[in-house]
Amino acid sequence: VQLQASGGGLVQPGGSLRLSCAASGSSSSINVMGWYRQVPGKQRVLVATITHDGKIGYENSVRGRFTISRDNTKNTAYLRMNSLKPEDTAVYFCNAVPPTWSWGQGTLVTVLQ
């Protein structure tokens, strides 16, 4: 499976973005999908998870602002990000939980100071 994340960009604080992650092969059999983010020089952090049947979990700093979803028929995962803060600036990736496939390039989200 190859993963292609997209939808990142440059936004003002308080803005919104919707990230998408398309899997080239079938990801529908994977139980848990996750969105991760990484700031240069720091470790990649898991911020949101969703099971095959829709159970969701969030890292504390994004809970209430981010919404994860998935469409198994399209082999795609999404991350809706609202009320963005400068500290959300990072490269965002998707993968299984725990990570199973190559990471891909991710998509850069920059929230201005």
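What's counted below: heavy atoms across the whole structure, side chains too, no hydrogens, waters or symmetry copies. Keep in mind the model is a prediction, meaning the values are calculated, not measured.
- Thr76 places no side-chain N or O within 3.5 Å of a backbone atom of Ala22 that could act as its donor or acceptor partner.
- Between Ala48 and Leu79, the closest heavy-atom pair is CB-CD1, 4.0 Å.
- Listed by chain and residue number, Asp53 satisfy the salt bridge (Lys or Arg N to Asp or Glu O under 4.0 Å) test with Lys55 (two or more places apart in sequence, or in another chain).
- Side chain of Asn75 to backbone of Ser24: no donor-acceptor contact under 3.5 angstrom is found.
- Remark: the backbone N or O of Ser83 is paired with a side-chain donor or acceptor of Arg65 at under 3.5 angstrom.
- Judged as a side chain to side chain donor-acceptor pair (under 3.5 Å), and not counting sequence neighbours, the contacts of Gln38 are Arg44.
- Hydrophobic clustering, with ILVMFWY side chains joined whenever heavy atoms are under 4.5 angstrom apart, keeps Leu112 apart from Leu84.
- Residues satisfying the side chain to side chain donor-acceptor pair (under 3.5 Å) criterion with Tyr92, sequence neighbours excluded, are Arg37.
- Between the OG1 atom of Thr110 and the CG atom of Asp88 there is a distance of 11.0 Å, given to the nearest 0.5 Å.
- Shown here are the side chain to side chain contact (heavy atoms under 4.5 Å, CB included) partners of Val39, two or more places apart in sequence or in another chain: Lys42, Ala90.
- Judged as a side chain to side chain donor-acceptor pair (under 3.5 Å), and not counting sequence neighbours, the contacts of Glu59 are Ser61.
- Residue-environment remark: CD (Glu87) exceeds the threshold of 12 foreign heavy atoms within 6.0 Å.
- Annotation for Ile68 and Thr49: closest pair CG2-O, 3.6 Å, computed over non-hydrogen atoms.
- Note on Leu46: it clusters hydrophobically with Trp103, by side-chain heavy-atom contacts below 4.5 Å among ILVMFWY residues.
- In terms of hydrophobic clustering, with Ile, Leu, Val, Met, Phe, Trp and Tyr side chains grouped at heavy-atom distances under 4.5 Å, Val109 and Phe66 are assigned to a common cluster.
- Listed by chain and residue number, Asn60 satisfy the side chain to side chain donor-acceptor pair (under 3.5 Å) test with Arg63 (two or more places apart in sequence, or in another chain).
- The side-chain heavy atoms of Val11 and Met81, taken from C-beta on, include no pair separated by under 4.5 Å.
- Criterion: ILVMFWY side-chain heavy atoms under 4.5 Å apart, direct or through other members. Under it, Val62 and Val32 are not part of a common hydrophobic cluster.
- When all heavy atoms are compared, the tightest approach of Ala96 to Thr100 is CB-OG1, 3.4 Å.
- The residue from Ile56, Thr67, Asn31 that alone fulfils the side chain to side chain contact (heavy atoms under 4.5 Å, CB included) condition with Ile50 is Ile56.
- Side-chain contact of Ser16 with Asn82: a donor-acceptor pair under 3.5 Å is present, judged by distance alone.
- Once rounded to the nearest 0.5 Å, the distance linking CZ of Arg18 with OG of Ser6 reads 9.5 Å.
- The hydrophobic cluster containing Tyr78 does not contain Tyr36, counting ILVMFWY residues as joined when their side-chain heavy atoms lie under 4.5 angstrom apart, directly or transitively.
- Note that OG of Ser69 and CE of Met33 are 11.0 Å apart. Values are rounded to the nearest 0.5 Å.
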